[in-house]
A.B. asks: 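After the structure tokens below, expect a handful of questions from me.
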Amino acid sequence: MMSPIVFPRGQCNLMEPGNDTRISEFLLLGFSEGPELQPLVFGLFLSMYLITVFGNLLIILAVSSDSRLHTPMYFFLANLSFVDICITSTTVPKMLWNIQTQSKVITYEDCITQVNFFIIFSGLDICLLAIMAYDRFVAICHPLHYTVIMNPRLCALLVLVSWIMSVLHSLLQTSMVLRLSFWTGLEIPHFFCELNQMIQLACSDTFLNNLVMYFAAILVGGGPFVGILYSYSKMLSSIRGISSAQGKYKAFSTCASHLSVVSLFYCTGLRVYLSSAATQGSHSSATASVMYTVVTPMLNPFIYSLRNKDIKGALKRFSAMAVRKGPIVLRLKNFPGLQASKS
């Protein structure tokens with residue numbers, strides 16, 4: 001059997017039989033151990049987090065408030081925006097809190113919880129990207145049957161199945177982590193508790209954990225990716241069959257934003273696992289993880305709104321509606337009761 005992987009920074013203190021105590025906390029080292037750089041890191045990540053939350057929240061409000069956007073494509077986009085808020089909120093606030101309090105500690109329970117929710121939301125992100133690719137495939141390759149195929153019941157079912165799969169996957173991975181033993185002096189060169197990092201810190205045999213982790217990564221990550229590639233290969237074939245150049249541009253523009261997000265997400269995610277495999281124990285994995293845990297969710301609202309006339313129009317109408325509601329508060333001064341109270 002494969003020998004357990006031991007993380008270089010962790011101190012696996014082999015105690016006497018019957019005297020092994022479970023670790024109660026970990027140390028998140030973050031990006032820089034120098035205190036002079038912590039304010040810069042805090043300001044940078046706080047800015048990115050606020051942009052991510054408000055940007056994706058605007059997408060959700062625009063889709064929900066505008067009846068013109070009550071279509072399958074924007075339904076999935078609103079769900080993706082919600083998941084992007086959640087995946088960033090799982091990791092960044094704890095890092096900001098540790099910087100603010102000048103503490104690197106995260107409890108064992110909080111670390112397991114963070115791993116659990118991160119797996120759920122990252123799995124949902126992957127599933128939603130695959131569903132959105134299928135939606136564009138139906139819209140381009142089967143336009144006459146689009147409303148029949150992508151009916152509200154199927155759309156809701158696809159999102160529900162994605163939630164169920166992601167939750168079951170997370171329960172499997174966290175239950176596998178719970179069987180591992182951890183001892184003292186454990187430092188994580190990362191800004192959040194990642195599954196691979198926790199497995200490397202274990203003192204017990206991790207062969208089964210690594211087997212399940214990589215098999216699940218191929219199934220959960222590779223399966224949707226194959227579906228995305230298949231959908232886009234069919235779409236490209238259909239687009240090539242369009243005679244007019246204007247028709248080709250219009251068909252391709254409907255999936256250009258989604259293709260950009262898919263490329264950014266999968267390229268950065270692949271970069272993370274390649275860097276962690278090549279340079280274990282360094283901060284390169286943490287730096288690469290920022291791309292798909294923080295940067296990609298932050299860029300998604302810009303990618304989907306800047307080139308999308310429907311989203312830009314909905315945002316303008318939503319902002320105009322909010323401005324029109326403002327004077328209602330000012331007109332309260334005309335109420336007799338308020339005038340009497342002033343006199």
A.B. asks: Just wondering, are more than 12 heavy atoms of other shown residues or ligands nearer than 6.0 Å to CE in Met165?
C.D. replies: no
A.B. asks: By the definition side chain to side chain contact (heavy atoms under 4.5 Å, CB included), identify the one residue from Leu80, Asp84, Ile51 that meets it with Pro297.
C.D. replies: Asp84
A.B. asks: Under the criterion side-chain hydrogen bond (donor to acceptor under 3.5 Å, both in side chains), I'd like the reasoning laid out for Ser81 against Tyr304: C-alpha separation, chi angles, the key distance, then a yes or no.
C.D. replies: CA-CA 10 Å; Ser81 295; Tyr304 281 109; over 6 Å; no
A.B. asks: To the nearest 0.5 Å, what is the distance between CZ (Phe215) and CE (Met213)?
C.D. replies: 14.0 Å
A.B. asks: Would you say Phe26 and Asp110 make side-chain contact, with heavy atoms under 4.5 Å?
C.D. replies: no
A.B. asks: For the side chain of Asp125 and the backbone of Phe121, is there at least one donor-acceptor N/O pair under 3.5 Å apart?
C.D. replies: no
A.B. asks: Measure from the side-chain N and O atoms of Asn151 to the backbone N and O of Val148, and report whether any donor-acceptor pair falls under 3.5 Å.
C.D. replies: yes
A.B. asks: Is there a side-chain contact between Phe118 and Leu195, using heavy atoms and a 4.5 Å cut-off?
C.D. replies: no
A.B. asks: Side chain of Thr88, backbone of Ile85: donor and acceptor closer than 3.5 Å?
C.D. replies: no
A.B. asks: Check whether any side-chain heavy atom of Leu28 lies under 4.5 Å from a side-chain heavy atom of Cys193, and answer yes or no.
C.D. replies: yes
A.B. asks: Counting only N and O atoms by type, is there a donor-acceptor contact under 3.5 Å from the side chain of Gln114 to the main-chain atoms of Thr90?
C.D. replies: yes
A.B. asks: Closer than 3.5 angstrom, by distance alone: can the side chain of Ser103 be matched with the main-chain N or O of Ile99 as a donor-acceptor pair?
C.D. replies: no
A.B. asks: Taking the inter-plane angle between the rings of Trp163 and Phe82 on a 0 to 90° scale, is it parallel (under 30°), tilted (30 to 60°) or perpendicular (over 60°)?
C.D. replies: tilted
